[in-house]
Every structure is written in structure tokens, then in C-alpha cells.
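These notes are about the structure you will find just below.
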Amino acid sequence: MTGGSLGVRTWSYGTLPYINGVIPGDEKLLHSKSLVNVRKNSTKMFSGFREKERSLPSVWCRCLGCRKISMLLLIAFALLVFVLGSLAVDKETISLNVDQQIGTLSMVLPYVNGAPSNPGASWIFGKKDKQKDENYLVANILNEDDKNRFRIVGSKGASALPSNHPCAKFTFPPPPPPNLRRIGPRRKFQFILLVLIIRVALNIGIWHLDAIASMPSSSSASPVLQNLTYVHDENPIKTEPHGGSDFGGYPSIKQRSDSFDVKESMTVHCGFVKRSKPGLQTGFDFDESDLAELQQFHDIIVASAIFGNYDVIQQPRNVSEEAKKNIPFYMFIDEETEAYIKNKSILDSSKRVGLWRIVVVRNVPYGDARRNGKVPKLLLHRIFPNVRYSIWIDGKLQLVVDPYQILEKFLWRQNANFAISRHYRRFDVFVEAEANKAAGKYDNSSIDEQVDFYKQEGLTPYSEAKFPITSDVPEGCVLIKEHIPITNLFTCLWFNEVDRFTSRDQLSFAIVRDKIMAKVDWNINMFLDCERRNFVIQTYHRDLLEQMPPPVATVIRRPPALPSMRGRTPGKRITRRRSSSRRHRKAAAGNKDQFPLSTF
């Protein structure tokens, strides 16, 4: 069985940043095109003036900020469009009123004498009058001597109307102009255009404010489970042949089964078992200065990790000023990664790399860097005990949307407390296990042992009977979570499966979710993977970046210089040897009779 038949992803998505010859490096961009030196003007007279021109925008940028200046210019442009459009509409309205008055006079004058001079004016009467008078035709006045009488022709029994008939003084209202333009929709369009331009000017300044306003003031209710505590064992002992670790505490099969029986108050294994306070001589330890910061209260945090120097730190983009001020970004790294970024002069004493606050992990519990990464991924509620919401992204991802907007879309709007994307292709655990074996993600015997264990517990292939559950396999590189007891229990038990079996958390996700959902009314928002790719960009791992060839510099070839005219007599023609093109044309003409042209 090959990886291609199972749909194994061998490369990353198409959103990778290797575009236009740009490759991400160590906090730098390597361009495949060389820069062209701009020739400086040698005239000193204009150099000072140009420097002043360059310095004026820089002064404005320093005083107000380039982003604010652009926003103000866009808003001013929007107001200008709105005002000019309003003036154009007013001019049309004035001209329209004049046309209406002229039309009124032109329609009234023919009827002063009691009859229209133009038979085509009968359309003004309307449908009812037109039906009544369709057999009648108003004639002109007979003669000057009989001005007070009218002659009606065209029907039998027609009678003459007296001169004092009310119709003689009747005047018709002016007709509507033939090309009347509707004023209302145009003003509405201008107002909509004004609002759109202002929103573009403010960029994410409005959207993230809407998301902040949607944040709940209190935590969501946790079904059944109200109090969750964790096992503390200074000397854990392995009593069963299955996996486990000192860090996880070696829970027995019975303890594992009891942990799925959701009650109002529970105590479960959840890593950090050697001490009551995580990060202090428990394995996965932190410096004291970092421990103090991790205990602080935050409404929202964003977290990621790089272990084994496996990835390159990616800086978030499109983050609002409110998020930069109120949402901390934490990056967990091991000592190997710390040594590398210090050697590259990326990390200094401030412990910051861009938006990321670097937290160095000492005494990592596992020899596998990927398994070490599962500790902050699944146990953020233990590392940050005073946080309401968290967004986890893998180290290979770059965040490109404001965190407030992500939480609003996948948690607050959906009335959910845990969200994760589905796998982009597979939705069955057994198919996922075969794909992992084909791709060499883990040793095959360990994967088979884990899947066989789940079969005995009742795990079945995915089918329509599980609906509304749409998938058993997540794309687990992003976790969006509200820290309440039921979600903390879920990630604790999920971590215990990763600690006991393989580190492939896609294989253990469904069994933990289904067992908890069988006990309580709780669900997970599994959104589409294409939605995930809208707010994170996947990049290459460091080993792939180092294997890529360096970019090839583009050589700019200049045209050859014109030949010099020195030493030649002016006006003397330079004789050049003509090519034998005339001879070739003769040969080609002679061949036309022998070989007919081919048709296409």
C-alpha cells in the first residue's frame, strides 16, 4: 500500500510563502532578484530640495503614523465623493423642476380655448377617460363668428357644449418628464459607498471591535462537571505493560476507565504529577520569572511551541492594536532551540521575538520533540490557570487574522467552548492509521496496538449513523478553547492517550470525544479545514528550508555600446557585407512549384 493511494500529504498547502522567489529565512527574506542601484542626480542644486521632499512625509509619519495618515486620506476621499455626488443630484433636481414648469406651460396653453390643438395629447386623460372618449375627436374652432360654440364630430347624437362649460377652464397637470431619474437610490448608493470606504480605511479597526463586543462577560456553563482537580504523585510507578511516563503518572486501565465517568467532582491524571504546581520540578520546568508571569490573569492568550529546533518562528500579521495590548503571545521552546536563536542573535535579554514572548522549557519529559510539543498544546489550562480563552497554533503556522475575530467566529457566534478543524481529506480513524503507517509517521506496531485497543473498546469506522458528528479525524494544528471544567477534562484525557500510546493525537481524538459525549450533553465545533486556512498559513519545517537551494541572482545584461566614430571621415559610408538572404529567397521561390504548402 502506497502513500499516494491513501492520500498522504507530502507537501504543504498552496499558501506557502515561497512565492515570487521569496523564501523565509532566519527573520529575513531572501530575494531571488537583485536590487538595481538607483543612479543619483549629480546636480547639487536639486539635491537639497529633494531631501526636503523626502523629509516632509517622514515627519508626518513620525507625528501621526503612516497608517493613520492613509486612513485619514481615505476618509477624506470618501467624504469628497459623497459631497460631489450630492451636488450633482441637486443640479439634476433643479433642472428637473425647470423642465417640469416648461412642460406645464406647454401643456396648458393649447387648452385655454377649450380644446387641444394636438390630437396626440389624448394620452394624458388616463385609461378610463380614454376608453370613454375613444370614438370622439375634438375639432378645431369652426370660425371666428362662432367662437362660443364647439362642433363635435365622429359619433351619432353628438351635442354642442356651451361656452361656459367647466371643461373650458380645465387645465391638466404637467406630465412626468420622459427620462426621470430616481434620486433616492443614488443617494443611498453614495451613502453605502461612503460607509464602505470608511470601513476599508479603518481596516480591521471596526471588525475586531465588533468581535470584542461579542465576548461573553461570564464563562460558559460546564455540563455536570463543576470541580476538576489533578493527581499528585511524587513517585509514580509503572504497574502495567502499556506505555506512560513519569510526567503523566502511569494511570492504570481502571483509572483510565473511571476518568470517562463524568461526575460533578473529579480527580484525574493530567501531567505534572510530581508537584502540585506545574513547571516547578515536575518535568517541563520554567524559570521563576516565567512562572510568575504564567500565573497572571488574561482573558485571552495565543500559544505555540518549537522543540528540537524543528521550525522557524513565524510572526503574526493583521493583529489589532487592542490585541497587541491585551492578548499575550507565548512561544515555548526547549534549550536546543534557545541556543540556536541566540546564536543567530534573534533572542536577547528581553525574551521577545516580535510579538512572541519566549518561554524556555527546562528538563523536558520526553526524548521525542513532537511528544514534548503535546504538553503545551493539550495542557494550556494547567500552565495558565487564570486564563479564560486560548488559541493554540502549531509552530509551523503563521497567524494572519486578529485573535478576537477567530474567537468570535468559532466560539462566541457558535455558542461553543471548544473548536477544532476537521482533517482536510480523511474522516475515519482506521483510514488515518493506515495513512500514518504508509507515511512513516510512527512505527507500525505501535499504531496497530493503539487501533486494536480502541476496537476492543467499541470504536467503529465512521458512518452516517454518527451524524451530526461530521468527522472522527481532526486537523489538530489549531485548538480554540474556553477554559472550563468540561473542556479541561477533555484535553486532560486526550493527553493521557498521547502519553500512553503514540504521539499521533489524530488517532486518539475520537475515542475521548465519544466517551465524554456519551455521558454529558456536550459537543465540539469541528469546522472545515478550508476555514482554518483562512486565518493561518502553513510554512515549511526548518529541515526542508535548509535543504532548499539558495536563490539564484538574476544577471542584468546591458545592451552593447554603440561603435565609436573616432578616426573616421565624416560622410563616408561604411560598406558592410550583405547577407545571402536574396539568394535564399530565390531558392525558396523555386521550391514553391515543387512542394505545395501544408495546411493546418
Side-chain angles (χ1 to χ4, degrees), residues 208 211-212 214-220 222 228 230 270-272 278-279 284 286 290-291 293-306 314 316 319-320 322-333 355-359 361 372-395 397-421 474-495 498 505 509 522 524-527 532 535-536:
H208 83 275
I212 293 174
S214 303
M215 183 169 61
S217 58
S218 59
S219 300
S220 302
S222 177
L228 181 64
Y230 309 106
C270 196
F272 302 101
F284 211 86
F286 308 118
D290 294 334
L291 271 175
E293 181 164 344
L294 299 178
Q295 299 295 317
Q296 295 179 5
F297 172 81
H298 298 287
D299 281 322
I300 304 168
I301 64 163
V302 178
S304 185
I306 297 176
Q314 304 293 330
V319 179
S320 63
E322 283 76 9
K324 293 178 181 178
K325 185 188 304 181
N326 300 320
I327 300 178
F329 291 73
Y330 290 100
M331 175 68 70
F332 295 92
I333 63 173
L355 283 180
W356 294 106
R357 166 66 162 85
I358 304 299
V359 179
V361 179
N372 285 323
K374 299 300 186 292
V375 177
K377 176 179 180 178
L378 300 177
L379 303 182
L380 278 178
H381 63 282
R382 298 223 60 192
I383 300 173
F384 299 94
N386 300 312
V387 165
R388 292 185 62 195
Y389 299 95
S390 65
I391 300 175
W392 166 268
I393 61 173
D394 280 358
L397 301 181
Q398 181 186 27
L399 188 70
V400 294
V401 173
D402 190 78
Y404 286 114
Q405 295 177 255
I406 297 173
L407 288 165
E408 189 275 332
K409 178 177 177 60
F410 298 107
L411 289 190
W412 303 335
R413 189 188 306 179
Q414 306 295 332
N415 195 23
N417 45 50
F418 194 93
I420 190 173
S421 65
E475 185 67 48
C477 54
V478 175
L479 303 182
I480 309 170
K481 175 185 175 183
E482 181 182 5
H483 292 201
I484 58 175
I486 191 65
T487 59
N488 295 341
L489 175 67
F490 170 72
T491 52
C492 280
L493 302 186
W494 192 7
F495 173 79
V498 172
D505 50 16
F509 169 82
W522 178 72
I524 292 176
N525 178 20
M526 294 192 71
F527 53 91
R532 175 190 64 84
F535 64 88
V536 289

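In this text, all values refer to a predicted model and were calculated from it rather than measured experimentally. Start at 1 with the first residue, then count along the sequence.
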What's the verdict on side chain to side chain contact (heavy atoms under 4.5 Å, CB included) for Ile406 and Leu399, showing C-alpha distance, side-chain angles and the deciding distance?
CA-CA 10 Å; Ile406 297 173; Leu399 188 70; 3.5 Å; yes

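- Between Leu479 and Lys377, the shortest heavy-atom contact is CD1-O, 3.5 Å.
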Can you list the steps and then say if Lys481 with Leu380 is a side chain to side chain contact (heavy atoms under 4.5 Å, CB included)?
CA-CA 10 Å; Lys481 175 185 175 183; Leu380 278 178; 5.9 Å; no

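- Partner Asn417 forms a side-chain hydrogen bond (donor to acceptor under 3.5 Å, both in side chains) with one of Trp522, Tyr389, Trp412 and no other, that one being Trp522.
- To the nearest 0.5 Å, atoms NZ (Lys324) and CD1 (Ile327) are separated by 12.0 Å.
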Checking Phe284 against Leu379 for the side chain to side chain contact (heavy atoms under 4.5 Å, CB included) test, could you report, in this order, the C-alpha distance in whole Å, the side-chain angles of both residues, the deciding distance, and whether it holds?
CA-CA 11 Å; Phe284 211 86; Leu379 303 182; over 6 Å; no

Could you walk me through whether Tyr230 and Phe272 pass ring pair (Phe, Tyr, Trp, His ring centres under 6.0 Å), step by step?
CA-CA 9 Å; Tyr230 309 106; Phe272 302 101; 9.5 Å; no

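- For the pair Asp299/Asn326, no side-chain contact is recorded, criterion being any heavy-atom separation below 4.5 Å from C-beta on.
- To the nearest 0.5 angstrom, Met526 atom CE is 13.0 Å from Phe410 atom CZ.
- Checking side-chain atoms of Gln414 against main-chain N and O of Asn525 turns up no donor-acceptor pair under 3.5 Å.
- To the nearest 0.5 angstrom, Asn372 atom CG is 13.5 Å from Ile333 atom CD1.
- For Met215 against Ile300, the heavy-atom pair with the smallest separation is SD-CD1, 4.1 Å.
- Scanning both residues, His381 and Cys270, for their nearest heavy atoms gives NE2-SG, 3.7 Å.
- Here the straight-line distance linking atom CD1 of Ile301 with atom CZ of Arg388 works out to 13.5 Å at 0.5 Å rounding.
- In plain terms, the two heavy atoms of Ser421 and Arg532 that are nearest each other are OG-CD, 3.4 Å.
- Looking at residues two or more places apart in sequence or on another chain, you find a salt bridge (charged side-chain N to carboxylate O under 4.0 Å, His left out) between Lys409 and Glu531.
- With hydrogens and angles disregarded, no donor-acceptor distance shorter than 3.5 Å links the side chain of Asp290 to the backbone of Val359.
- In this structure, the side chains of Phe509 and Phe490 come closer than 4.5 Å at one or more pairs of heavy atoms.
- Using a 4.5 Å cut-off on side-chain heavy atoms (C-beta onward), Phe384 and Ser390 make no contact.
- Contact of the Tyr404 side chain with the Ser214 side chain is not registered, since no non-hydrogen atoms from C-beta on lie closer than 4.5 Å.
- Side-chain contact between Gln296 and Pro328 is absent, with no heavy-atom pair separated by less than 4.5 Å.
- No side-chain donor-acceptor contact under 3.5 Å links Ser222 to the backbone of Ile484.
- Of all heavy-atom pairs spanning Ala211 and Glu408, the tightest one is CB-CB, 3.8 Å.
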Kindly determine whether Ile393 and Gln314 satisfy side chain to side chain contact (heavy atoms under 4.5 Å, CB included), including the steps that lead there.
CA-CA 11 Å; Ile393 61 173; Gln314 304 293 330; over 6 Å; no

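- The aromatic rings of Trp356 and Phe329 lie perpendicular to each other, with more than 60° between the two planes, well past the 30° mark.
- Atoms CH2 and OG, on Trp392 and Ser304 in that order, are 5.0 Å from each other to the nearest 0.5 Å.
- Counting only heavy atoms from C-beta outward, the side chains of Leu397 and Val478 approach each other to under 4.5 Å.
- Nearest heavy atoms, Val375 versus Phe495: CG2-CE1, 4.0 Å.
- Between His483 and Asn488 the shortest side-chain heavy-atom distance falls below 4.5 Å.
- Distance check, rounded to the nearest 0.5 Å: CD1 of Ile524 to OG1 of Thr487 gives 9.5 Å.
- Between His298 and Tyr330, some side-chain heavy-atom pair lies under the 4.5 Å cut-off.
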